[in-house]
Amino acid sequence: MTVPREQSEIFLTNKDRYLTSLTEIQNYSCPQSPDQRNTPADVDGDFYFSDTPTPEAPETVAPSTSQNTYLKACKMLTITPSNFCLRCLNEVTLVIPYHGIGPTGAKAVAIALVNNSTVSCLDLSSNGLESTGLFYILEMLQSNKVISNINLAGNDLGSRGARLLSESLRKNKTLTKLNISGNNFSEKDANYLAKLIKRNKTLKDLILSHNTFREQGGVILGEALESNCVLKKLDLSWNHLRQLGAVAICWSVAENTCLTSLDLSWNGFGMEGCHEMGKSLLRNRTLTYLDLSANRVSFDAFRQLLRGVVHNKILKVLKVGINPITTDGAFAILQSIAVSDSSLEEIDLKDVSVDRDFVDLLEKIQKQRHLVCNYGNTLRHDEIKKGDVTRVLDTDDPVTVLFEYMKQKNLRLIDLLHNLDRDHSDTISRDEFQQGLSNIDLPLSGRSLDILMRKLDTNRDGSVDYEELSTRHKEYMRKITKLRLQADLGPSYYKGYDKLEQLREAVRLKISLSMTRQKTDTS
């Protein structure tokens with residue numbers, strides 16, 4: 001790896017020469033001071049610190065090569081070695097967070113790990129490494145082919161560190177997990193990390209949380225994710241992704257074919273992000289875990305997300321807690337799950353208040369399928385319950401209720417006509433509509449029945465025949481197509497489609513509950 005000019009001085013040893021190789025320390029011999037002459041030594045002349053057991057002790061275990069190298073490095077760099085680090089050099093994981101080792105301590109650790117074949121997981125988080133210490137770790141990785149998991153979080157790596165990571169790890173073939181959260185990466189640093197995401201072919205787990213990627217940073221990272229075919233888990237939580245940045249990340253979800261876990265919590269996705277994520281989930285076939293907690297997601301925004309969630313058959317875990325989605329939003333997701341083929345197994349609604357209707361519906365769903373749900377407080381309502389009396393549907397669009405029922409029951413128009421035609425006259429009167437819809441647990445209010453007859457009975461003869469049904473059905477299908485295309489244009493066009501979806505979900509839920517009651521009565 002080319003040594004950056006501005007960092008060349010960090011390789012000067014106490015002999016004022018460049019240390020061209022980290023393994024050169026193995027041939028380094030410390031001059032003995034009067035105090036050192038009495039220091040115990042082994043047969044090879046390797047010096048030990050006073051707190052190290054002497055070779056004569058019966059319980060003494062000879063230090064490994066890595067331990068000896070670490071001790072020599074600390075002596076040469078005139079720093080106090082860490083006994084904890086010394087012990088861990090013989091273990092699979094070397095975890096020394098919050099030890100304040102700094103750049104020089106990182107150099108000693110890197111020297112000891114050059115030829116180490118035991119440590120596979122290295123945690124140097126919150127040690128004040130800065131870009132100087134990072135350089136030593138990255139140089140070590142060019143020789144070490146065992147370490148696959150590195151945690152460098154909270155080390156103030158900054159822009160210089162982002163550039164070093166990009167240049168050094170693009171061709172790395174051993175690292176599979178990298179945690180570089182909380183390192184003051186900004187918008188411009190997204191370019192370096194985007195190159196890393198595009199070119200590295202082994203990294204499967206990347207944590208970039210607690211940085212300051214904003215709108216432009218989200219766009220850059222989103223474009224990189226579209227072409228990545230290796231990364232499985234990505235954590236972008238606690239950034240400032242919003243507007244175009246949020247939208248770009250959502251677009252990458254639609255194009256990416258390997259990402260299984262995406263943490264976007266504590267950003268600012270809002271309406272724009274939820275709209276695009278809803279669309280992306282309709283296309284994505286790999287994502288099983290999605291966290292959108294604390295993203296300023298209102299009820300309206302949540303409904304846009306929901307249309308993608310309920311039609312995605314891969315997503316297993318959805319986290320949308322700490323959002324103002326209201327009790328209606330919480331109930332809406334259960335309604336959708338109850339009547340869809342969704343594969344959701346866990347829903348996190350942390351700090352989202354729910355009502356008794358939500359709890360009752362959740363219990364019904366859990367009797368039919370596995371579903372774990374975490375939610376906030378259960379609100380108490382003062383209104384008087386109507387018992388088991390079925391509530392009528394009072395809607396301005398009863399035509400949707402009729403044709404959605406036909407679709408859900410997989411009926412033809414002629415089947416619908418015969419099911420509702422009680423007197424076999426091949427026509428349906430207002431009374432037959434009222435009686436027939438009540439029998440299938442879809443009772444309409446008197447106002448809705450009047451609207452239905454006005455829209456279907458075009459010749460105003462008091463009844464609806466097959467030709468009138470067919471004409472209105474074609475208009476209904478054109479209306480749905482138009483609203484769906486408009487919804488894809490942007491959030492401002494979504495309102496009409498959203499109302500249609502709410503009504504369709506209400507119909508699907510009533511059909512589902514009716515079938516459940518029938519099974520219960522039969523059993």
Side-chain angles (χ1 to χ4, degrees), residues 179 181 205-210 213 218 225 231-242 245-247 249-250 252-254 256 259-282 284 286-338 340 342-354 358-359 361-362 365-366 369-378:
N179 184 345
S181 61
D205 190 342
L206 180 60
I207 303 176
L208 290 170
S209 64
H210 290 83
F213 299 122
L225 286 171
L231 206 60
K232 297 292 184 182
K233 296 181 179 180
L234 177 63
D235 186 348
L236 285 168
S237 61
W238 289 92
N239 278 281
H240 304 280
L241 301 173
R242 59 196 63 181
V247 168
I249 296 296
C250 295
S252 71
V253 171
N256 188 283
L259 203 62
T260 60
S261 174
L262 182 59
D263 189 345
L264 297 168
S265 58
W266 294 94
N267 281 284
F269 267 52
M271 182 68 75
E272 299 91 341
C274 287
H275 177 262
E276 294 302 327
M277 184 62 76
K279 290 167 55 179
S280 296
L281 289 176
L282 293 173
N284 183 277
T286 59
L287 202 64
T288 60
Y289 176 99
L290 176 62
D291 191 344
L292 285 171
S293 305
N295 264 283
R296 300 185 302 171
V297 177
S298 64
F299 174 60
D300 291 335
F302 181 67
R303 295 214 44 102
Q304 299 190 45
L305 172 70
L306 196 56
R307 67 170 178 144
V309 170
V310 297
H311 292 294
N312 186 297
K313 298 181 180 180
I314 306 298
L315 193 65
K316 303 291 185 183
V317 180
L318 176 65
K319 295 190 174 184
V320 287
I322 321 179
N323 280 305
I325 64 176
T326 73
T327 56
D328 290 335
F331 189 73
I333 190 170
L334 288 188
Q335 280 184 312
S336 302
I337 292 174
S340 71
S342 168
S343 299
L344 280 177
E345 298 176 355
E346 180 181 344
I347 305 171
D348 190 335
L349 296 168
K350 181 180 179 181
D351 288 344
V352 176
S353 297
V354 301
F358 174 93
V359 176
L361 181 56
L362 177 61
I365 294 175
Q366 289 175 332
R369 52 171 290 184
H370 173 69
L371 179 64
V372 177
C373 185
N374 175 33
Y375 52 87
N377 297 325
T378 303

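Computed from a predicted structure; not experimentally measured.
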Q. Would a 4.5 Å heavy-atom cut-off, applied to side chains only, mark Leu371 and Ile347 as touching?
A. yes
Q) What residues form a side chain to side chain donor-acceptor pair (under 3.5 Å) with Ser252, not counting sequence neighbours? A) none
Q | Test side chain to side chain donor-acceptor pair (under 3.5 Å) applied to Ser237 - qualifying residues, sequence neighbours left out | A | Asp235
Q.
Please check: side-chain N/O of Asn267 versus main-chain N/O of Asn295, any donor-acceptor pairing under 3.5 Å?
A. no
Q: Of all the heavy-atom pairs spanning Thr286 and Asn256, show the shortest one and how long it is.
A: OG1-O, 4.2 Å
Q: State which residue, out of Leu349, Asp291, Val297, fulfils the side-chain contact (heavy atoms from CB on, under 4.5 Å) condition with Val320.
A: Leu349
Q | Gap separating the CG atom of Asp328 from the CD1 atom of Ile333, nearest 0.5 angstrom | A | 13.5 Å
Q. Is there a side-chain contact between Met277 and Val309, using heavy atoms and a 4.5 Å cut-off?
A. no
(Q) Restricting to salt bridge (Lys or Arg N to Asp or Glu O under 4.0 Å), what partner residues turn up for Glu346, sequence neighbours left out? (A) none
**Q.** Close side-chain approach of Leu362 and Tyr375, heavy atoms under 4.5 Å
**A.** yes
Q | Leu281 backbone acceptor or donor facing Asn312 side chain under 3.5 Å | A | yes
Q | Min side-chain heavy-atom separation Phe269-Leu241 under 4.5 Å | A | yes
Q | Audit row: Arg296, Met271, side chain to side chain contact (heavy atoms under 4.5 Å, CB included) steps and yes/no | A | CA-CA 8 Å; Arg296 300 185 302 171; Met271 182 68 75; over 6 Å; no
Q: Over all heavy atoms of both residues, which pair between Cys373 and Phe358 is shortest? Give the atoms and the distance, please.
A: SG-CZ, 3.8 Å
**Q.** Ile314 CD1 to Leu287 CG distance, which is reported to the nearest 0.5 Å
**A.** 10.0 Å
Q) Under the side chain to side chain contact (heavy atoms under 4.5 Å, CB included) test, which residues partner Asp351, sequence neighbours left out? A) Ile322
Q.
For a side chain to side chain contact (heavy atoms under 4.5 Å, CB included) check, start with the C-alpha distance between Leu361 and Phe331, then their side-chain angles and the critical distance, and finish with the verdict.
A. CA-CA 8 Å; Leu361 181 56; Phe331 189 73; 3.6 Å; yes
Q. Just checking, any donor-acceptor pair under 3.5 angstrom between side chains of Ser298 and Asp300?
A. no
Q: For Ser342, check side chain to side chain donor-acceptor pair (under 3.5 Å) against everything at least two apart and list the hits.
A: none
Q) Going by heavy atoms in the side chains, are Val317 and Val372 under 4.5 Å from each other? A) no
Q: Assess whether atom NZ of Lys233 is packed by more than 12 heavy atoms of other residues, nucleotides or ligands within 6.0 Å.
A: no
Q | Heavy-atom side-chain contact between Cys250 and Lys279 under 4.5 Å | A | no
(Q) Just verifying a value: how many Å separate Leu292 CG and Leu290 CG, rounded to the nearest 0.5 Å? (A) 4.0 Å
**Q.** Non-hydrogen atoms of Asn323 and Val352 that approach each other most closely
**A.** O-CG2, 3.8 Å
Q. Looking only at heavy atoms, what is the nearest atom pair of Tyr289 and Ser261, with distance?
A. CD2-OG, 3.3 Å
Q | Parallel, tilted or perpendicular, as decided by the 30° and 60° cut-offs, for the rings of Trp238 and His210 | A | parallel
Q: Calculate, to the nearest 0.5 Å, the distance between atoms CG and CG belonging to Asp263 and Leu236 respectively.
A: 8.5 Å
**Q.** Inter-residue atom distance Leu315.CG - Thr260.OG1, 0.5 Å rounding
**A.** 11.0 Å
Q. Looking at residues at least two apart in the chain, or sitting in another chain, which of them share a side chain to side chain donor-acceptor pair (under 3.5 Å) with Ser280?
A. none
Q) What heavy-atom pair brings Gly218 and Ile249 nearest, and what distance separates the two atoms? A) O-CD1, 3.7 Å
Q) Minimum heavy-atom separation for Ala338 to Ile365, with atom names? A) CB-CD1, 4.0 Å
Q: With rounding to the nearest 0.5 Å, note down the distance linking CD in Glu345 to CG in Leu318.
A: 13.0 Å
